[in-house]
Amino acid sequence: MTVRMRFPAGPDLPVEEVLPPTGGTPLAVGDERIVDFLTLVARRLLAPALARRHPELGSLGFFLRRRELLRAVERLQEALGPQDLAFPRGTVFHIPPANVDTIFVYSWALSALAGNVNVVRVSPRSAAAAETILEVLNDTLAEADPIVARTQRMITYGHDDAVTAELSAACDVRVVWGGDRAVNAVRQHPLAPAARDLTFPDRTSFAVLSVAGWAAASPTARRDAVVNFVNDAYWFDQAACSSPRAIFLVGDAARAEAVQAEFVALLGATARERGWEVDAAMAVEKRVGAYGLAADGGVTRMAFPDNLVATLDLATPAAAPREWLGTGTFGFVPVAELAELVPFVRRQDQTLTHFGFDADELRELARQLGGRGIDRIVPFGAALRFAPVWDGYDLFREFVRLVTVEA
C-alpha cells in the first residue's frame, strides 16, 4: 500500500513509512518552530498576486498570522487552572472534504500548533486552491526548522480502506469531515482504545433578515449586506456547511414581500458584478431541486429570474430546505419573530447569519435554543470565516491533553 506524498513533496511511500515513530511527539503546545512556519505560510498566502488568483486564501492567511496563533495559545493558558499542564495528544489523522479546498489547513494548523504529529489525507478531487496551498507549504519548508518536515505529513490516496484502517489504528485523534456518509464509512475502521474521533457530519445553515432592520438601513448598508451575503452563499457553490440555504424574513409580514423583492434584485445584480457564474447544467440542477421541493407541498411560489438566482416562497419554516438544491437557490420564509425558529431548529443546524438585529435579540434566541442546534450566530459575510470554535468544538482544546498536578 503506497500513498502519494504531497507535503513534504516526494516520491510515493508505503503507508507504514508515512506514520511517525512511536514514543510521543517532539513538539510542545504552542511550539515556536511551528508558529514560525505557519507565520511564513501566512505571509505567502496574503501576497497580493496569490490573493487575486484565489481570494479565499486571504482569509486563511489572516487566520495563520502570528498574532492569531499566539492568541489561541493564550486563550488555552488562561482557561487552565494552576494545577493543569497542557501537552499534545500525539498523532492526529485528518480526513477533510473535497468540496471545501481550504478546510484541511485550518484543522491541521491548529493541531500542529498544539504540538501534534499530523497526517492529512488530501482528496484526489481537490481543486486548484488546494494545489496552491500545497505549493506554498512546500516552498516554505526551505525556511522552516527541519522538525516541521519530520512531524507533518499530507498525502493523497483513493478510497483505499486498507490505508485508512492502518492510519486510523495508529492515531490518537481522528478528524473526519464531509457528511454523515463519510463519517459512518470512516467509523468502520476501529481506533485504538484510548483514541477518539472528532467528527463534522452533515450540517445545514440559514439566514435571518430583520424587516424593520432592513427598512432602517441606508441604501449603502443594504448593498453592503447583500455583498456579504453573496460571499457567504456563492463561495464553494453554496455547498459549504455554513452557507445559507433559506432566509427567514423576521417582522411585519405585510412589509416582508417588498423587502424580499429588493433583496433578491440586489442579490442577482451583486452576484453578476462580482463575477459569479452558474452554468447551464447547474441551472438545470436548481430547477430539479426546486421542483422536487415543490412536490412535497411546501412551496407557494418559485421564480428563476436567471441562472444565478432561484427563489422559493415557502409556506412555513418547516418547509425550509436542509438539502443542497443547487448554487444560488434560496427559500424565503416570513416569520413574526425569531422565537418562531426555535421549534424548527435541529441538532444538524450549524450557522445562522443575520442582518438588522441587535445583540440582545440574538442572545435571547440562543438562550431559547439551549444548545439544541445552531452553533454559530454571525453577521452576513462571516459564514465562511473559520474560527477555532467550530461546530461547537473548541478545536485547539480538543487537540491537547491536560495533566493535573496537585502538590
Side-chain angles (χ1 to χ4, degrees), residues 7 19-39 41-42 60 62-96 102-121 137 144-145 147-154 167-177 183 186-187 191-200 371 375-376 386-407:
F7 171 76
L19 294 167
T22 57
T25 168
L27 298 168
V29 175
D31 199 294
E32 189 64 26
R33 295 167 294 182
I34 294 294
V35 172
D36 287 343
F37 175 70
L38 294 176
T39 301
V41 170
L60 177 58
F62 186 88
F63 181 83
L64 296 177
R65 294 179 309 156
R66 176 178 291 272
R67 184 173 63 183
E68 297 300 315
L69 300 174
L70 295 181
R71 186 176 298 165
V73 178
E74 290 167 2
R75 279 197 300 263
L76 172 66
Q77 296 299 334
E78 290 168 358
L80 298 181
Q83 74 277 19
D84 296 327
L85 299 173
F87 297 95
R89 282 194 172 270
T91 299
V92 181
F93 176 34
H94 305 254
I95 308 176
T102 58
I103 200 71
F104 75 93
V105 186
Y106 289 103
S107 63
W108 161 73
L110 287 171
S111 180
L113 182 64
N116 294 299
V117 172
N118 290 278
V119 178
V120 182
R121 178 188 182 265
L137 291 172
D145 189 285
I147 195 69
V148 175
R150 293 204 303 269
T151 59
Q152 311 302 314
R153 296 280 192 270
M154 296 186 184
L167 293 172
S168 295
C171 71
D172 299 286
V173 179
R174 182 171 59 188
V175 184
V176 188
W177 306 75
V183 169
V186 171
R187 276 180 165 167
L191 298 169
R196 57 179 303 197
D197 270 328
L198 191 59
T199 59
F200 299 88
D375 301 311
R376 306 170 65 229
F386 193 87
V389 176
W390 194 261
D391 275 14
Y393 293 115
D394 185 335
L395 287 179
F396 194 56
R397 288 286 297 269
E398 297 289 336
F399 290 135
V400 302
R401 184 185 305 280
L402 302 182
V403 174
T404 301
V405 180
E406 296 184 9

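Here the CZ-OG1 distance, from F87 to T25, works out to 12.0 Å after rounding to the nearest 0.5 Å.
Ring-plane geometry between W177 and F386 is classed as tilted, the angle between the planes lying from 30 to 60 degrees on a 0 to 90 degree scale.
Between L198 and F399 there is a side-chain heavy-atom pair separated by less than 4.5 Å. Within the 4.5 Å cutoff, no side-chain heavy atoms of E68 are placed close to those of F63. No side-chain heavy atom of V117 sits under 4.5 Å from any side-chain heavy atom of R150.
Listed for the D197 side chain is no donor-acceptor partner under 3.5 Å among the backbone atoms of R187. Remark: side-chain polar atoms of R89 are paired, donor with acceptor, to backbone N or O of V400 under 3.5 angstrom. Under a 3.5 Å cut-off, the side chain of S111 and the backbone N or O of N116 do not form any donor-acceptor pair. No side-chain donor-acceptor contact under 3.5 Å links D84 to the backbone of T404. D145 contributes a side-chain N or O that, together with a main-chain N or O of I147, makes up a donor-acceptor pair within less than 3.5 Å.
Cation-pi geometry between R65 and F62 is met: the NZ or CZ atom falls under 6.0 Å from the ring centre, inside 45° of the normal.
For the side chain to side chain contact (heavy atoms under 4.5 Å, CB included) criterion with N118, the lone passing option out of V92, T151, V173 is V92.
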